[in-house]
Structure formats: structure tokens, C-alpha cells
**Student:** 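To start, I am sharing the structure in question, which I have written as C-alpha cells.
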Amino acid sequence: MLKWFLTMKKYDHKKIEKKWQGQWKKNHVVKVDKDDQSKEKFYMLDMFPYPSGEGLHMGHTESYTASDVFYRFKKMQGFNVLHPQGFDSFGLPAENYAIKTGVHPAETTQQNIENYIAQMKSLGLNYDFDEMVNSSDPEYYKWTQWLFGEFFKNNLVYKKTAKINWCESCQTGIANEQVVGGECERCNTEIMQKEIPGWFFKITDFADALIEDLDKVDWPEYTIKNQRNWIGKSEGAKIKFEIKNFDKKIEVFTTRPDTLFGATYMVLSPEHKLVAELLENKDLRFRNYDEVEKYIIETQKKSEMDRVEGKEKTGVLLLGISAINPANKEEIPIFIADYVLSGYGTGAIMAVPAHDTRDYEFADTHKLEIRKVIVRSGDIEILSTAKTKKGDVEIFCEKGKLINSGKFDGMDSEEAQKKITEFVGGELTTNYRLRDWSISRQRYWGCPIPVVYSPEGEARLIPEEHLPWLLPTDVDFKPTGISPLADSKELKERTEKIFGKGWIPEYDTMDTFVDSSWYFLRYPDAHNDNEFCSEARKKWLPVDLYIGGAEHTYMHLLFSRFFVKALKQIGLLNFDEPFMKLRHQGMVLDSEGKKMSKSKGNVVNPTEMVERFGADSVRAYILFAAPLEDEVIWNENNIVGIYRFLEKIFRYTNEWIIFNRDNEKINLNKEIDSLLHKTIKKVTEDIENLKYNTAISSLMIFVNKIREQRGNTSENQLMTLFQLESFLKILAPFAPHITEELWAGLGHTESIHLEEWPEYNEKLAKDDKHIVVIQINGKVRSEIEIEDGEDEENIKKRALEDEKVQKWVVEKEIKKTIYITNKLLNIVI
RNA sequence: GCCUAGGUGGUGGAAUUGGUAUACACGCAACACUUAAAAUGUUGUCCGUCAUGCGGAUGCGGGUUCGACUCCCGCCCUAGGCACCA
């Protein structure tokens, strides 16, 4: 014993990890040959991070480790795996930091990227950083601009002046999709409304395809649902209402044209164009002009959140005008109210208080007529059918049969929707919640929009030969309400030099979501200066497995999907969906189960954890602690379990090397061999299904078994070299450093990560004996050991002879028995 | 209010075409080694009971079934998301 104790090495994770991280780089272990046609391709993608000053966080650590494990696994299985990483490096934090300190965003971004790369390497993440993509690099954004140009030429981008969400702090417009809880997603300032001209991508053109193609992908159910809900398709009708004594019509969108006879008033959103027109028309001036104007101003101050939260349904009657219900020609009042939003439908509604909760609440407050026109089918006589109860009156919001609707009485809702729409000259139509994507930002640190304006104000695309259209450097970062680029002398001169006197450049930059909507198309051909991706390299697309946070389920995924569909329509791609399989990692919480945040001071730094426990332990622990998609509690006290596990393997392997290296007469331990094959099977299947926690647990069970057997056997009979090596290989994706060290210790000169993934023998992975549980009336009373495939009658006979079973069945009639092969026998008495 | 996910020992979690509930890990306890501690090892650890037995337990209450963490009905709680969508 003393001998091996003296020669035994200690598991020094720092030394081992540093050594191999250096070696991998030197020996090109991470290199991918993108043109290798001999192997099947696999594209494993991570959501690229924004390189913030705070560095990598634990969420990245989990997600990137998960993909790194899968990458190593697929590579060992013989796939040619592309597993790139890059940086989503345009964005507000760097610009805000520049405003505060004067340090140019390019500089801080570069520093942060270097820091991120160092952190990623310290975790043993094997990215080939030569194939990196960096969205603020002109070599990259040249192609962002080029793609914008393709959209421009193909009518998929247009300019319009629109009231948009405005963030006072960022001094920029914010897309609807980027407003979180009425606040700016990035800085949490409350969003206001402001009229701003800007460029929009026609994402709504693809609304139906964006819904339908969700059938083609292997994504989490809820992510698919979220995408569907975000697009928000609804069937209905557009119907026009005449205004009395005014030659204009109000068009409404309704999902319930069958309730038209019950429309007892109309509501316009305060921003509705017609309201402004009516206000300007002196002949028609409302009798309550001041009240109306005051209400409009109050609404403008409100964010969408405020409008939503107001419990009282406020609104103002437009005194002096009225509309005609086209179904029954009755004169009905018109209101403006902020519960009607300008951005959805037509910005105007017909209100049917008897059959819509919100309309009812408004009608109740303003004492308006409530006319019932729908009753539950087969319930014509009784008018009191109810779904939702509101005060004393009952509201029925479902479809049913019509009453009080003239010649349509007795008709079913379904049929009446078509017939009534037809009757009033309306139009059946589909409406979407999705709006076109506003991409203009009045910011500095973003991709310049490659457009110039003629002296007459006409927008023209900057020709390809002038790309990349560089972001100027001579600007002041301070927010003024206009784009920082308007400051640049150089940009102005550059524009005039190329296009002539009087031409001015577009000053806005693009939403950073544009950069991240196509980056995965660039990795296969990251250095191509002539194309965004060559035809040959497009064979890598689409992405086979994408791992990233669930927080991106709406915007990033939707925008990326839109890009792929748009580029297919243009003819630049030939597939429909960017990400075939998608999985999310859960949040990493502190030891008390709370969200990590700077303000709480409970943020765990991955690099510090790597220092203390080693990259292998950090990797294995974060995957072991919980299923990938669940929340992970980062508990430092628990990581020691993984550390001990690795240490045991380290000690065991070194013992093995000392005693067995030159010993050719190791006897095959059949029990260990069977367990090994079971473990290979389990780990292989679990990795394939991203069930890393149970894969690691089965590796632990294997090690425990070996430790247990060590007491019963002489050391040189424990494991063959082949068995030991197979075990190290299936551990390698999780703990790449320690396995590499032990692999080298066994005398290998090539990396373990270039080895083939062990095959399991189905026969050996199967037991030839099983324990069958004997139940009496569903309660476990005994168990017997059986041969694999033993005859049911025989098992039954043996079970009834069992002493413990005898006690229960003696003098009882056996009604029936149920046998589950190799598992269970239930005797019913 | 709506949508989604979930509720299993002291803790993280395992097990679902319905078939031994609590794998694996942490923690805890006892023992061994040690002058001692750490480390390591061994044993034990859902609850009740004197128990190699018996009974009970997967948020709560019912149901289906030979058998339910798993399926059905009703309710409670937690987390995340959405929100006047006409």
C-alpha cells in the first residue's frame, strides 16, 4: 500500500486544466474543416452573447457547457461538427458607458470580447475562435448592410412616419416587441409615444408562414405556442360605419360581425386619424372640443401600460356627431377611449356591450344601451343565458343563435358572421397582432443603414461597392434627441464626395436584433469577402441544434425566422426554418433559489468558481444539479460531490496505471463489463436527449460499483484497459481536462476528444437475471429472481410457493394474476 | 384575469405508452484511521411502531384501475410570461 501511496499523484485541477487548454490550441483539436465532405455535418449553435463589462454569467456557463458537451459527443460519433461562437457586440450598454466615460465603444467592446474569450477558454469550451463572428466588425456588418440592400430591392423594407414607442433615457425609438412591461427593455425607463420617421421590415408579409412552419421544427411546446400567440392571428371582418352629416366612414375590425345588431355605440382610439380630421373641421367642431382635446393629450402622456392598468374605462363622447349602424340604420354615439388601441385592427371598434366584457364595462360606466343579440343555441326562449356575470347584468360572450337581428333572427353565429358581413358590404378578413418591425434607431453604436438621400429627399440605397458603409468615428456620444451620426463631419463629406453636393446620409443605425437575426448564416463562411455565405458552405445550414435562453422566445427567434423566409423568397436560401431543434436552458439561481442580480449582490462569477473547483467540476455540476431546461440552484456546498467524483476517478486510474500498465493478464470482470455497457447505453441516449443530469448520475453509479468491487477483488482483476478507456471516453465530454490527463497517462499521444465514441453491446447491456416483485392486491409482499424470458406460468408457480406469499394466499381464492415481463407479478385475491 | 411550467425526504433531484416511489448527489449521525483535526473509508438516514413485520406518505379532496407521482374531475400554492387584441 505504501508504495502506491508514495507514487500517487494528487488531482490538481488548476495544473491539469491550464496544461490541456494550451495543448488543445496548439494541436488544433478545436479546428473544423468546413469543406470536409467525408463526414455527415452537424451544426451546433449557441446564442452568441452581448459582450458586457460584467463578463460571462452563470446562465452562459450552463448553456455553453451544454452545447460543448453535445459538440464533443457528436464529434466523437463521427460527425463533422460546426460549433462556433461570436459576439453580438453592437448595443446600448457600450454606448451608455461611452457617454459616461468618453471611452469609445469599439475599445470597450474589444476589451470585453477578449475577456469573454478568456473566460470561455477557462471553462474548457472548445470554440474555434478563428471562425468567430463579431457583429460590430465592418467585415460582418458589411453583410448586414448588404442584406438590408436585398430587402430594399425586393420591397421588404419601407419607410414610414409612425407614432412609436420612445425611450427618453435612451433617446431612441423602441420596437413594440422590445417594450417590456411598458418600459424600455434595456434601461427600464417608461416608454412614451412620439412621432418619428423610420425604416420597417415587412415581417407581417410572412405572418402565415411564420405560424404554419412551426410544424416543421422540433422546439419546446411552449416556445411554439408563444410564437403563435405573438403573431396573434384572428379571423373576423372589416365593416364600415357612416358618420352622419360628414363624408367620411369609420372602418372597424371585429371578430364578431354576428353581433352587429347589438352595436350600440362606437369607440375610436384617441390617436385615430379621423379624430384629428374632425377636430380640424370648423363646420363640424364638437360641442365639447376642449374636453376631447384634453383627453387626447392625457392619453399621449400614458404609456400602453398605463392605459392597460386603468381600472375605470375612461372616455369622452364626441358631442355633435354620430354614426349609423349599417345593420339596422340606427344612429349611435361615437366615443374616444384609450382602451381602444391605435396599433391593433383599425384603431376603431364597434361596441357590443351585451357580448363583450370590455364594452360592457364602458357602457356600464357611461350608462349606454346594452342590447342582447345572441343567446345560447337551443335556448331562444330564455334570454338569461350567462357566461360571465358582471353586476346585475349577465354577459354572454360565446357564439350562439341570433335574436333582435331582423331577418337574421334564429341564425347560428357562424353563418351570421358571413351573411351579416355580406349584408352590410363588409369584408371577411384576417387580422394579426404582429406589426412590422421598426429597425431605425437614433443611436451611435449600431450598424449604419446603407441609405442616402438626394437633395430632393429621395431615399437611395448605397451601392454594393461602397460597402461596408463605415460607422464614422468623429461623433459625440451625448444624446440630443437626434442621431449621433448627424454630428459627423466625415460622414457628411464622404456622402457628398460619392453622391454629390446636397446629398445627405441616413443618420439612423439599425436595431441590434437585425445583427443577430442572421449571424448563424455567417459562421459557415465567416471570412468570405465576396458573399455573405458561398453556395458550397450553405450546406451547413440550417442549424441542427440551437441552445439558448427562453427569454429570446419571442423576438430573436421570430426575427431570425423572418430573415430566413425573406431570404428564401429573394432566392438566397433554400430552406424554411433556421433552427431545426431548439432547447432552452433554465435560469441559474443563487443558493437560496433567488434570481442573481447586481443589485442583490448575489451574482456568482464563473471564473471564480473555475479557480476554486476547476472547470471540469463547474461543468459537470451545473449539468448535474438539475435538468437542462429547469432552474439550477447554484449551491457551492453541493459542488463538492462532483469534485469528489472526479477525484475518485483520478485516484482510481492512477492506481490502475501503477499496478496494471504492464500486466497483460487482467481477467475480464463480467459484472463490470455488463455495467459498463449499460452505462454506455444510458449515457449515449441521455446525451442525445440532453438529459445530462441522469447521464452524470449513471457515470457515478459506475464508479461507485468499481469502488465497491475493489474490496472484493485483487487490484489487477478489476478492469481491463479497454473498459477503463471506454469509461474515460464517455466521461470526456463532461470533464474534458481530467479525462485528457488520464488518457495521456495511459500512454496515448492523441487527444481523447478525437477518439471514437464507444459502442455498446445490446446483449451485454441486458441482464440475464431479473428481480420480479410479487404483489398481493397491488401491495409489494415479496420478490423472486428469475432468468431472462422465464415462462410466466413457471414464475407464477414459484411465486405461490414463496414463503411470504404463502402467508397471504393460504385458504384464499386467487381471482387473477397480472404479469409484467421481467418486472412484476400481481396476485389478486 | 389569461397562458405556460411546476409542487416528490432536511436539500438539489430520480422514476411517467400506468408496474418495486425516493436512483444519484448534498447534508446529517455513528464508527474506523488520527495525539487531534481535515481528508478518506464503512454503515445508517421518508414517517410511525420493540419490529428482517405492519401501516402511512409524491400540494389538498374525490374518481378510474388488479395497480396511480404518472390518467380524469374539483381545489390550493409557487415560478415565469402575457395583458383592454375588438
Side-chain angles (χ1 to χ4, degrees), chain A residues 180-182 220-223 225-226 229-230 232-234 236-237 252-256 259 263 266-267 269 304-305 307-311 313 337-341 343-352 355-359 361-362 388 431-434 550-551 553-554 586-587 589 591 593 595 621 624-627 629-642 644-645 647-648 651 691 693-701 703-704 707-708 711 771-783 804 807 815-829:
Chain A
V180 175
E221 247 340 283
Y222 73 93
T223 308
K225 263 184 199 157
N226 286 345
N229 293 342
W230 194 265
K233 183 174 181 170
S234 57
V252 301
F253 172 74
T254 175
T255 52
R256 294 297 302 276
T259 64
M266 294 191 81
V267 185
S269 69
E304 234 174 72
M305 199 60 183
R307 288 167 71 158
V308 162
E309 276 178 348
K311 282 174 194 114
K313 292 242 177 312
D338 61 13
Y339 83 92
V340 173
L341 305 173
Y344 185 78
T346 60
I349 62 158
M350 62 179 219
V352 186
H355 304 290
D356 181 281
T357 319
R358 294 151 301 162
D359 295 346
E361 282 168 10
F362 188 83
T388 320
N431 192 54
Y432 299 90
R433 180 185 176 279
L434 183 71
E551 68 273 18
T553 57
Y554 295 106
M587 223 183 294
L589 307 172
S591 58
K595 245 182 180 173
Y621 175 65
F624 174 68
E629 65 279 10
D630 288 9
E631 290 168 343
V632 177
I633 306 255
W634 184 263
N635 191 334
E636 272 176 41
N637 298 326
N638 289 354
I639 195 172
V640 300
I642 289 281
R644 283 176 197 157
F645 165 66
E647 206 175 26
K648 274 184 220 170
R651 277 211 313 268
K691 290 168 75 177
N693 55 332
T694 49
I696 293 169
S697 140
S698 71
L699 290 164
M700 286 173 168
I701 290 170
V703 171
N704 289 348
R707 305 287 300 174
E708 190 187 302
I771 302 292
V772 166
V773 170
I774 315 298
Q775 294 186 333
I776 314 286
N777 288 348
K779 287 202 185 294
V780 179
R781 297 302 181 191
S782 186
E783 57 183 40
K804 288 175 195 159
K807 242 176 32 187
K815 287 179 186 147
K816 65 170 167 177
T817 58
I818 293 117
Y819 177 60
I820 306 297
T821 312
N822 296 340
K823 272 192 177 162
L824 171 146
L825 181 78
N826 189 10
I827 301 167
V828 185
I829 54 171

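A, B, ... follow the sequence lines: proteins, then strands. Residue 1 opens every chain. A quick note: this is a predicted structure, and the numbers were derived from the prediction, not measured.
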**Student:** When you check the phosphate oxygens OP1 and OP2 of B:rA83, does a side-chain N or O of A:Arg433 lie under 4.0 Å from one of them?
**Tutor:**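 For A:Arg433, the contact criterion (side-chain N or O under 4.0 Å from OP1 or OP2 of B:rA83) is met.
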**Student:** If you look at every strand shown and take non-hydrogen atoms under 4.0 Å, does A:Asp630 touch a base, only sugar-phosphate, or nothing?
**Tutor:**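 Nothing, no heavy atom under 4.0 Å.
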**Student:** Side chain of A:Ser234 only, heavy atoms from C-beta on: which candidate in B:rA86, B:rU40, B:rG41 is closest?
**Tutor:**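 Minimum distance to the A:Ser234 side chain belongs to B:rA86.
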**Student:** Going by modelled atom types, is there a donor-acceptor pair between the base of B:rC66 and the side chain of A:Asn826 at under 3.5 Å?
**Tutor:**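 When only heavy-atom distances are counted, A:Asn826 does reach the base of B:rC66 through a donor-acceptor pair under 3.5 Å.
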**Student:** Looking at B:rC24, B:rG41, B:rA86, which one has an atom nearest to any side-chain atom of A:Arg707?
**Tutor:**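 For the A:Arg707 side chain, the nearest candidate turns out to be B:rG41.
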**Student:** Counting heavy atoms from C-beta on, name the nucleotide in B:rA21, B:rA23, B:rG41 closest to the side chain of A:Arg651.
**Tutor:**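 Shortest atom-to-atom distance from the side chain points to B:rG41.
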**Student:** Report yes if a side-chain nitrogen or oxygen of A:Arg644 is closer than 4.0 Å to either non-bridging phosphate oxygen (OP1 or OP2) of B:rG27; otherwise report no.
**Tutor:**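 Looking at the OP1 and OP2 atoms of B:rG27, one of them is under 4.0 Å from a side-chain N or O of A:Arg644.
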**Student:** Taking only distance into account, with no hydrogens and no angle test, what donor-acceptor pairs under 3.5 Å do side-chain atoms of residues 774-783 of chain A form with protein atoms, sequence neighbours excluded?
**Tutor:**
| from | atom 1 | to | atom 2 | distance (Å) |
| --- | --- | --- | --- | --- |
| A:Asn777 | OD1 | A:Ile829 | N | 3.0 |
| A:Ser782 | OG | A:Asp802 | OD1 | 3.0 |
| A:Ser782 | OG | A:Asp802 | OD2 | 3.4 |

**Student:** Taking the inter-plane angle between the rings of A:Trp634 and A:Tyr621 on a 0 to 90° scale, is it parallel (under 30°), tilted (30 to 60°) or perpendicular (over 60°)?
**Tutor:**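 If you compare the ring of A:Trp634 with that of A:Tyr621, the planes turn out perpendicular.
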**Student:** Could you tell me the separation between the CD1 atom of A:Ile820 and the P atom of B:rA68, rounded to a whole number of Å?
**Tutor:**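 To the nearest whole Å, that distance equals 13 Å.
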**Student:** In whole angstrom, what separates A:Leu589's CG from B:rG80's P?
**Tutor:**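 Taking atom P of B:rG80 as the reference, CG of A:Leu589 is at 9 Å.
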**Student:** Kindly say if A:Lys691 contacts the phosphate of B:rA15, meaning a side-chain N or O under 4.0 Å from OP1 or OP2.
**Tutor:**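 So the side chain of A:Lys691 is within the cut-off, an N or O lying under 4.0 Å from OP1 or OP2 of B:rA15.
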**Student:** For B:rG56 and A:Lys779 - does any side-chain N or O of the residue sit under 4.0 Å from the phosphate oxygens OP1/OP2?
**Tutor:**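 True: A:Lys779 side-chain N/O within range (under 4.0 Å) of B:rG56 OP1/OP2.
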**Student:** Could you list the residues that satisfy salt bridge (charged side-chain N to carboxylate O under 4.0 Å, His left out) with A:Lys233, not counting sequence neighbours?
**Tutor:**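 Testing A:Lys233 for salt bridge (charged side-chain N to carboxylate O under 4.0 Å, His left out), a comparison that skips the adjacent residues, returns A:Asp208.
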